[in-house]
Amino acid sequence: MTSTPVKSTPLVCSGHTRPVTHIHFSAVQPDQTYLLISSCKDGKPMLRDWLGDWLGTFLGHKGAVWSSRLSPDGSRAVTGGGDFTAKVWDTVSGSCLTTLPHNHIVRTVDLSHASTHVLTGGNEKKLRLWDLSRSTLDGTDSSLDGLEEFRVAENDFAHAGTVKSACWDEKRNAAVSSGDDQIVRWWDLRTRQETHSIKFSSPITSMEKSHDGEFLSITSGNDVTFLSLDSRLPLLTHSLDYAPSTASLHPQTRSTFVTGSVKDGWVRVHDAQTGEEREVGKGHHGPVHCISYSPDGECYASGSEDGTIRLWQTVPKSYGLWKLNGAANGNGNGNGTG
């Protein structure tokens, strides 16, 4: 079938100098705006506002940054990188509050809702829980006194391979992780024991929690699977004619999902019920490693090997730096600052 081109030319957010590895939006703030943080192999995670404008760069990592997350209120950020550390940041001042030391690359991080605890995972095959109340919050290394680990019963590891993604499910007092062993695991936050697991038939390339905290979007092989965090069961699985590297479910309507691919550098919009491809967006000049809907669903962001982030509107409007196709005196090549 022939897909419809996206309705607007994406806003290009430049500034990174190497591939963008991960992106994450905050929740909608009281003033109806939100923030976006991006990770990059240049080691300099960046913070942007809801229009794509650059707000600041977090300086301190000494290697590639693989994961970054914002607290719901946007006041805190956590990043994990190739320098064997995770770092917690004040997003207003840009200062590093604490450094969480590891013995290998940190591939995934997440902040608890109140920013009191951090989840980390990576090449050590371990999933760790850090209590920030034990940290000095002066930028130095955190005390290991507040460190706990999640382990499967038969060994000292959380997964048999690198832990690629982890997130909180505080509503059900749980954490969820996925690894190179093709398994998604649920963990009890009180006992730190495994409570449930699902084995996938192909390597898991991404796992994203929906903004309302009720679903997981997982890509594996050519499949996109939506899992209920309540039942811990798959709700829908769509087998596509390409291998998606990342996927995100619309936070408001749940009627569409977006994907990126390392095959062609395109982003695609699919019907969430049928899996039918609705739109395709061409603009990146390299593989797409990450994609995510904004919390209001009015745009989605994609990050690529080409070092750029592109913001794609789902509800075309002409505000800020957006330039729509056919807009008066506009060539559609809007660029974000930074």
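Residue numbers count from 1 along this sequence.
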- Query: Quick one: CG on Leu229 to CG on Leu216, what's the gap to the nearest 0.5 Å?
  - Reply: 4.0 Å
- Query: Would a distance-only check, ignoring hydrogens and angles, find a side-chain to backbone donor-acceptor pair under 3.5 Å from Asn222 to Leu240?
  - Reply: yes
- State the OG-CD1 distance between Ser245 and Ile291, to the nearest 0.5 angstrom. 8.0 Å
- Query: Checking side chain to side chain contact (heavy atoms under 4.5 Å, CB included) for the pair Asp271/Thr256: CA distance, chi angles, key distance, verdict?
  - Reply: CA-CA 5 Å; Asp271 185 288; Thr256 59; 5.8 Å; no
- Task: Please indicate whether Lys263 has more than 12 foreign heavy atoms, meaning atoms of other residues, nucleotides or ligands, lying under 6.0 Å from its NZ.
- Result: yes
- For the residue pair Phe157 and Lys126, establish whether any side-chain heavy-atom pair is separated by less than 4.5 Å. yes
- Message: With a sphere of 6.0 Å drawn around NZ of Lys209, does it hold more than 12 non-hydrogen atoms of other residues, nucleotides or ligands?
- Response: yes
- Does His289 reach the side chain of Thr246, with side-chain heavy atoms less than 4.5 Å apart? no
- Task: Let me know which of Arg192, Arg128, Arg190 forms a salt bridge (Lys or Arg N to Asp or Glu O under 4.0 Å) with Glu148.
- Result: Arg192
- Query: Centre of Phe150's six-membered ring, under 6.0 Å away, within 45 degrees of the axis: is that where NZ or CZ of Arg185 sits?
  - Reply: no
- Is there a donor-acceptor contact under 3.5 Å from the side chain of Ser220 to the main chain of Ser202? yes
- Note on the structure: Exactly one candidate in Phe226, Tyr300, Tyr293, Phe257 meets ring-ring contact (aromatic ring centres under 6.0 Å, His included) with His250; the answer is Tyr293
- Query: When His16 is tested against each of Cys40, Pro45, Ser39 for side-chain contact (heavy atoms from CB on, under 4.5 Å), which residue passes?
  - Reply: Cys40
- Message: Quick check on Lys199: does its NZ atom have over 12 non-hydrogen neighbours (other residues, nucleotides or ligands) under 6.0 Å away?
- Response: yes
- Message: I'd like to know if the side chain of Thr85 reaches the main chain of His61, judged simply by a donor and an acceptor atom lying under 3.5 Å from each other, with no hydrogens or angles considered.
- Response: no
- 4.5 Å side-chain heavy-atom contact, Ile198 and Pro234: yes
- Could you tell me whether Arg268 and Asp264 make a salt bridge, using a distance below 4.0 angstrom between a side-chain N and a carboxylate O? yes
- Query: Just wondering, do Leu59 and Lys44 contact through their side chains at under 4.5 Å, heavy atoms?
  - Reply: yes
- Task: May I ask you to check whether Thr225 and Asp223 show a side-chain donor-acceptor distance below 3.5 Å?
- Result: no
- Query: Any side-chain heavy-atom pair from Glu298 and Val315 closer than 4.5 angstrom?
  - Reply: yes
- Give, for atom CG of Leu36 and atom OG of Ser292, the distance between the pair rounded to the nearest 0.5 Å. 8.0 Å
- Task: With the side chain counted from C-beta on, respond yes when Val184 and Ser178 share a heavy-atom pair under 4.5 Å apart, and no when they do not.
- Result: yes
- Item | Residues Arg48 and Asp53 bridged, charged N to O under 4.0 Å | no
- Message: With side-chain contact (heavy atoms from CB on, under 4.5 Å) as the test, pick out the partner of Ile37 among Trp89, Phe58, Phe25.
- Response: Phe58
- Message: Could you check whether Thr259 and Tyr242, counting side-chain N and O atoms only, form a donor-acceptor pair closer than 3.5 Å?
- Response: yes
- Does any non-hydrogen side-chain atom of Leu35 lie less than 4.5 Å from one of Leu47? yes
- Decide, yes or no, whether a salt bridge links Arg172 with Glu214 under the criterion of side-chain N to carboxylate O below 4.0 Å. yes
- Do Trp130 and His102 make the cut of ring centroids closer than 6.0 angstrom? yes
- Item | Enclosure of His196 NE2 (heavy-atom neighbours >12, cutoff 6.0 Å) | yes
- Looking at side-chain heavy atoms only, is the closest gap between Val288 and Val262 below 4.5 Å? no
- Task: Could you tell me whether the side chains of Ser228 and Asp230 share a donor-acceptor contact shorter than 3.5 Å?
- Result: no
- Is it the case that Arg232 and Thr195 place a side-chain donor and acceptor less than 3.5 Å from each other? yes
- Query: If you round to the nearest 0.5 Å, how far is OG1 of Thr120 from CD of Glu149?
  - Reply: 8.5 Å
- Message: One pair to check against side chain to side chain contact (heavy atoms under 4.5 Å, CB included): Cys167 and Met207. What are the steps and the verdict?
- Response: CA-CA 9 Å; Cys167 62; Met207 183 179 78; 4.2 Å; yes
- Query: For the residue pair Ser26 and Ser71, what are the closest heavy atoms and their distance?
  - Reply: CB-O, 3.9 Å
- Under 3.5 Å, is there a donor-acceptor pair linking the side chains of Trp50 and Ser294? no
- Message: Can a side-chain donor-acceptor contact be found between Thr205 and Thr219 if the only test is distance below 3.5 angstrom?
- Response: yes
- Contact summary for Gln182 and Ile204, nearest pair of heavy atoms: C-CD1, 3.7 Å
- Query: Under 4.0 Å between a Lys/Arg side-chain N and an Asp/Glu carboxylate O for Asp212 and Arg254?
  - Reply: yes
